[in-house]
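Encoded as structure tokens, the structure appears first; notes follow it.
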Amino acid sequence: GYLTRRTARTRVLHRAMLAAHVGSMLEVLKSRNWEFRKPIDRWDHRRQMVVFGVVSVLTVFAFVVICVLVLLSFVQLNIYLTFIWGKCLDPEIQKQALAAGDMCRDPQFVHGIRGWLAEVSSDVSLAVLFDVLLAEAAKGIATFLIKLRNYEWLHQRKYATVMLSLVMEALSKVGLFAILGLVFLPRWYIPVDTSSWIPAEACHNFPDYRMCVALSGCNTTLETTCCQGVLFCVARRLEYSQRRVMFERAVHGPFFVAPFVRILVTVIIPLVARAMGHFVHGDDRGLDVDMASIGEEVDLHKAKLGWRRIVAPVFRICALIFYLNPDNVGGLCHYIARGWPFGSVARVELPVEEQGDGSGEEALRRRQAAEALRGALDQASRKAFEPLDEVMELKMNFLFVSFFAPIMPIGLVPTLLARLLEVRSKATKLFFVRQRCWPGESRLLHETQDSFARIASHMAIVWHTGLIVTAYNPRLYEWPAWQVAGSWVVAIWFVTLVLHLLTPRLHRLRRLFGRRCLS
């Protein structure tokens, strides 16, 4: 039969897409890992796998436990600020709050502006640790562990590194809220009468209370209020509504503050540190040297001001933290001690045929060459822009939205505003803060996104079914342990089954609409 123009165009387009797909696959297969060490025999390969498995499991477990304990310390700090320093457990303070038509739920009620500053400082510190430092630590540990796996192909190594760092970061962040949402918040015990509250009798079985008593060395017989501010002891004393307020306050830092703090740490502060570094080391970079002084010996140390020498190490440390690569500026200690390693830009005599007729044209050409050279040195000294890291930020944001949007819908508003600002700041980060990277293939981004979507969906199922069975169950203390565990497992199985039944149909609908758009 005859082919219409639309059908011919569609076939050509399909063939071009297939050729591009095959070409990208061949390009990936040609990328070998140059650190690959060929095993001597199959026993050597098995030994490498066993070492990688044991070291990875122990390292990931220790990393997650340490991160959860550190993040829980910030929750404990908020409890201390609210109930110990803020005296919200004091019956007199509670009566004053009820008389004022309010409830004592933060240190602002007693301490005013000081309580607000303490609460904001705690949230900002948690956001910096939660959203910036934790991701960098997970990435570094994942890179080290994947080297032990000894992948032959670079594509496999990158994929495993990204997925392992994602899993480590997700488990560390989710572990904190799993303890709060599934242990601290639910009604595990029968409500008690707080008028005759004695911590030594009500909290003696809790592990954090025992640890606090052991570390403080207090005598619970004589000091009945000893360690009454620990996490599970406070949960035993508070009502469900008060525990829910504490749980939502714990979400404030990562869900409300962390997106804005990340913009501040990754874009604004590096720009300020870069500007101050250029100002302090202006002579070293050749910014304050007269370009007309050719052939003259300029004493750069005399040109510097005394106060610049005092503040220079502080700005150098900030520059190394936020935007400079220590390996490209002479090393960590060398840069802090001596500063910019490349010196000033000197003039190079141009050939006679390239020199201008007038002094103005020649000076302009020299200035342009010096600016190009300084720009190249500035680019080489920065930390590289990593597209995978930017995509990982979006993935963790998606994980948090899927976890906490049903619990706190109002949190979507600041999260959306922060992501809009962050997406629009990527160009500034690429051109002025980080070293511009070489273009690469996008297959790795798509593969990691598919795997992450599957992992995140299953984690969200476990999380929300657990909240329904435990946190939002008003009669949980009447249920035996087998009933709670059985209800949770059945709920997970049912929702997962429905999800797996709907997924193929959604894929078929997507392909159907894609074909209609192409035709």
Side-chain angles (χ1 to χ4, degrees), residues 63 67 70 124-144 147 161 165 169 258 260-289 300-301 303-345 371 373-390 392-393 422 425-438:
F63 177 79
C67 290
V70 172
V124 172
S125 302
L126 176 60
V128 172
L129 179 66
F130 193 86
D131 204 45
V132 180
L133 301 181
L134 185 58
E136 295 297 327
K139 180 182 175 182
I141 295 176
T143 303
F144 168 75
K147 287 183 179 180
T161 303
S165 61
E169 185 177 357
F260 295 99
V261 170
R262 187 163 191 88
I263 298 175
L264 183 68
V265 172
T266 58
V267 179
I268 298 178
I269 294 180
L271 284 176
V272 175
R274 179 171 175 264
M276 295 305 298
H278 286 186
F279 178 73
V280 171
H281 302 298
D283 299 332
D284 292 344
R285 293 172 181 255
L287 302 178
D288 298 334
V289 178
L300 298 179
H301 296 284
K304 293 180 179 179
L305 298 175
W307 66 272
R308 288 189 180 184
R309 298 181 181 179
I310 298 176
V311 301
V314 178
F315 291 114
R316 291 169 187 167
I317 294 174
C318 294
L320 289 172
I321 293 174
F322 292 107
Y323 82 98
L324 286 183
N325 188 352
D327 296 334
N328 297 343
V329 290
L332 184 66
C333 299
H334 183 275
Y335 181 78
I336 294 175
R338 305 188 62 179
W340 188 249
F342 300 110
S344 60
V345 178
E371 290 177 355
L373 180 58
R374 283 196 296 268
L377 293 176
D378 189 55
Q379 278 284 328
S381 63
R382 302 176 191 171
K383 294 180 180 179
F385 183 86
E386 297 289 347
L388 283 174
D389 293 344
E390 309 302 322
M392 285 178 64
E393 294 177 16
E422 186 177 5
S425 65
K426 295 299 183 185
T428 304
K429 184 177 180 180
L430 173 62
F431 290 111
F432 299 103
V433 177
R434 293 300 178 97
Q435 182 185 129
R436 302 170 196 173
C437 59
W438 291 98

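Only a predicted model underlies this, so the values are computations on that prediction, with no experimental measurement involved.
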Spatial distance of atom CD1 (I317) from atom CD1 (I336) [nearest 0.5 Å]: 4.5 Å

Criterion side chain to side chain contact (heavy atoms under 4.5 Å, CB included) on T266 and V433, from CA distance to verdict: CA-CA 8 Å; T266 58; V433 177; over 6 Å; no

Between OH on residue Y323 and CG on residue L271, distance to nearest 0.5 Å: 10.0 Å

Where A137 and F63 come nearest, the two heavy atoms and their spacing: CB-CE1, 3.9 Å

Value rounded to 0.5 Å, distance of OG in S425 from CG in L264: 11.0 Å

Residue pair R382 / N325: nearest heavy atoms and the distance that separates them: O-CB, 3.7 Å

Derivation and outcome, side chain to side chain contact (heavy atoms under 4.5 Å, CB included), residues F431 and R436: CA-CA 7 Å; F431 290 111; R436 302 170 196 173; 3.7 Å; yes

CA sep, side-chain torsions, deciding dist, call: E390, K429, side chain to side chain contact (heavy atoms under 4.5 Å, CB included): CA-CA 11 Å; E390 309 302 322; K429 184 177 180 180; 2.8 Å; yes

Sidechain-backbone polar pair: R434 side chain, E386 backbone, donor-acceptor under 3.5 Å: no

Nearest heavy atoms of V329 and S381, plus distance in Å: CG1-CB, 3.6 Å

Step-by-step side chain to side chain contact (heavy atoms under 4.5 Å, CB included) determination, Y335 to N328: CA-CA 10 Å; Y335 181 78; N328 297 343; over 6 Å; no

Flag side-chain contact, heavy atom, 4.5 Å: D378 against F432: no

Over all atoms of both residues, closest heavy-atom pair of E169 and A135: OE2-CB, 3.5 Å

Approximate separation, where rounding is to 0.5 Å, of I263 CD1 and K426 NZ: 8.5 Å

Check: Q379 side chain, Q435 main-chain N or O, donor-acceptor pair, under 3.5 Å: no

F322 to V265 - nearest heavy-atom pair and separation: CD2-O, 3.6 Å

Separation between CD of E136 and OG of S165, rounded to the nearest 0.5 Å: 10.5 Å

Flag, side chain of K139 to backbone of T161, donor-acceptor distance under 3.5 Å: no

Neighbour count >12 (heavy atoms, 6.0 Å) for atom CZ, F260: yes

